[in-house]
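Working notes, structure below.
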Amino acid sequence: SLVDEINARRKYHVEIVGEKSETLLVENVSAIDSTYHQDWLNDAITRANLITTAVGANVLKFVAPNIAKGLIERFKSNDNPLNIVACENMIASSSTLKKLVLENLPLELHEKLEDLIGFPDAAVDRIVPNQIKSEPLIVQVERFSEWDVDALKTLGHDISDVEGLLLVKNLPAYVERKLFTINTGHAAIAYLAYLKGIRFIRDAMKDSEIVEMARKVWYETSELLI
């Protein structure tokens, strides 16, 4: 039903929530349900100049076979290099996806994949809260976002002009910065809240003792990063 709704409207809204809310309109989009139209997906992959995923780390193994089928069709008529970026909340997500695609690709096409398909790893950060809304084509997100892609693993087509995408030559540094700031902060607040019997992060941030301790944790990790 969601795929049908997207194809009927060809647009959706992104609601940026925070101190100042803002709604953005995204147009000229379409959707494919590969359960019923693998041939449509194959055609899209054949024509694509960039492929990304955002499905969750545990779902990559389910989309890899369909990507492999699309690449088999692409190799028949399109020799242009292509980058596939897995934008998942995990380390080395694109490298993981590459292994899964290779497992579903005939052995005789492995060399062609190495020559034509780049799998640059990425670090992504944008918190998407649980969606509680009646309108299916509104996605709520926080304002802050970052999308860092390993410039050393891209092939062919220049993807630096993609809005919001930052090509970097030292991706591990960006991953460590995220782990020792965002992830460490959330973890520290959660651990301290648990000890006090506080269930939600939002309530923990009203506790001055927890906030003070979290700032001290961030100070230590910032010293470490420097």
Side-chain angles (χ1 to χ4, degrees), residues 11-27 29 50-60 83 85-94 96-97 120-133 135-151 153-154 159-194 198-226:
K11 59 187 178 183
Y12 65 92
H13 288 86
V14 176
E15 183 181 347
I16 300 172
V17 296
E19 293 181 6
K20 291 184 178 180
S21 295
E22 179 184 1
T23 300
L24 305 177
L25 175 64
V26 181
E27 298 182 279
V29 296
L50 175 65
I51 294 175
T52 67
T53 72
V55 294
N58 295 326
V59 183
L60 287 178
N83 290 294
V85 186
C87 304
E88 313 299 346
N89 189 23
M90 63 182 291
I91 295 174
S93 53
S94 299
T96 300
L97 179 58
D121 289 312
V124 293
D125 177 31
R126 183 165 223 168
I127 292 176
V128 181
N130 289 336
Q131 307 289 299
I132 304 173
K133 54 192 179 350
E135 168 55 61
L137 294 188
I138 292 180
V139 182
Q140 294 174 318
V141 301
E142 70 163 347
R143 182 169 296 278
F144 177 82
S145 65
E146 188 165 292
W147 181 18
D148 308 307
V149 178
D150 190 347
K153 291 186 178 180
T154 60
I159 59 175
S160 63
D161 60 345
V162 176
E163 186 174 351
L165 184 154
L166 178 65
L167 286 175
V168 299
K169 294 182 179 179
N170 185 4
L171 185 64
Y174 288 81
V175 173
E176 289 185 357
R177 187 189 65 178
K178 179 189 175 188
L179 290 174
F180 284 114
T181 53
I182 297 163
N183 297 74
T184 296
H186 277 156
I189 293 163
Y191 299 152
L192 294 166
Y194 177 80
I198 300 173
R199 185 177 180 187
F200 295 108
I201 292 285
R202 64 172 181 260
D203 295 326
M205 294 306 293
K206 297 173 184 176
D207 185 302
S208 59
E209 187 179 19
I210 291 177
V211 172
E212 182 184 2
M213 185 62 73
R215 292 191 184 280
K216 290 179 180 178
V217 170
W218 271 315
Y219 176 79
E220 288 191 10
T221 55
S222 68
E223 289 290 298
L224 172 65
L225 286 169
I226 291 168

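The structure displayed is predicted, hence computed values, not measured ones. These numbers come from the heavy atoms of this one structure, side chains and all, not from hydrogens, waters or symmetry mates.
Among pairs with a residue in residues 212-226, those fulfilling salt bridge (Lys or Arg N to Asp or Glu O under 4.0 Å) read E212-K216, at least two apart in sequence or across chains. Legend: salt bridge (Lys or Arg N to Asp or Glu O under 4.0 Å) pairs involving residues 173-188, not counting sequence neighbours, sorted by first then second residue: E146-R177.
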For residues 20-27, please give each side-chain donor-acceptor pair under 3.5 Å, one per line with the distance, not counting sequence neighbours.
from : atom 1 : to   : atom 2 : distance (Å)
E22  : OE1    : R143 : NH1    : 3.2
E22  : OE1    : R143 : NH2    : 3.4

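Minimum heavy-atom separation, A86 to S94: N-OG, 2.9 Å. Scanning all heavy atoms of the two residues, the minimum distance from V14 to Y12 falls at CG2-CE1, 3.7 Å. Closest approach of T96 and M90 over heavy atoms only: OG1-CE, 3.6 Å. Summarising the geometry of L60 relative to S93, their closest heavy-atom pair is CD1-O, 3.9 Å, with the distance given to 0.1 Å. When all heavy atoms of M205 and V211 are compared, the closest pair comes out as O-CG2, 3.4 Å. Closest approach of A122 to V149, counting heavy atoms only: CB-CG2, 4.1 Å.
Under the 3.5 Å distance criterion, the side-chain polar atoms of S145 are left unmatched by any main-chain donor or acceptor of R126. Within the 3.5 Å criterion, the main-chain N or O of V139 finds no donor-acceptor partner in the side chain of Q131.
Taking E19 as the reference, nothing meets the side chain to side chain donor-acceptor pair (under 3.5 Å) condition, with sequence neighbours excluded. Applying the salt bridge (charged side-chain N to carboxylate O under 4.0 Å, His left out) rule to K206 yields the partners D203; only residues at least two apart in sequence or on another chain are considered. Listed by chain and number, the residues in a side chain to side chain donor-acceptor pair (under 3.5 Å) with D150 amount to none (sequence neighbours excluded). Considering only residues two or more places apart in sequence or on other chains, S160 meets the side-chain contact (heavy atoms from CB on, under 4.5 Å) condition with D158, L167. Residues satisfying the side-chain contact (heavy atoms from CB on, under 4.5 Å) criterion with T52, sequence neighbours excluded, are L50, V85, C87, W147. A search for side chain to side chain donor-acceptor pair (under 3.5 Å) contacts involving T221 returns nothing, not counting sequence neighbours. Applying the side-chain contact (heavy atoms from CB on, under 4.5 Å) rule to A204 yields the partners I189, A193, I198, I210; only residues at least two apart in sequence or on another chain are considered. Legend: residues meeting side chain to side chain donor-acceptor pair (under 3.5 Å) with D207, ordered by chain and number and at least two apart, are K196. Judged as a side-chain contact (heavy atoms from CB on, under 4.5 Å), and not counting sequence neighbours, the contacts of I91 are V175, L179.
L97 contributes atom CG, which lies 10.0 Å from atom CG of D121 (distance to the nearest 0.5 angstrom). From I182, atom CD1 reaches atom CG of D125 across 3.5 Å, with rounding to the nearest 0.5 Å.
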inquiry  = Does I51 form a side chain to side chain contact (heavy atoms under 4.5 Å, CB included) with N83? I'd like the steps, not just the answer.
reply    = CA-CA 6 Å; I51 294 175; N83 290 294; over 6 Å; no
task = Please lay out, stage by stage, how H13 and L137 fare under the test side chain to side chain contact (heavy atoms under 4.5 Å, CB included).
result = CA-CA 6 Å; H13 288 86; L137 294 188; over 6 Å; no
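Dense packing is recorded around CZ of F144, with more than 12 heavy atoms of other residues, nucleotides or ligands lying under 6.0 Å away. Annotation for N89: atom CG does not count as buried by contact number, only 12 or fewer foreign heavy atoms lying within 6.0 Å. Heavy-atom neighbours of N58 CG from other residues, nucleotides or ligands within 6.0 Å: at or below the threshold of 12.
At a threshold of 4.5 Å between non-hydrogen side-chain atoms, the residues I16 and V141 count as touching.
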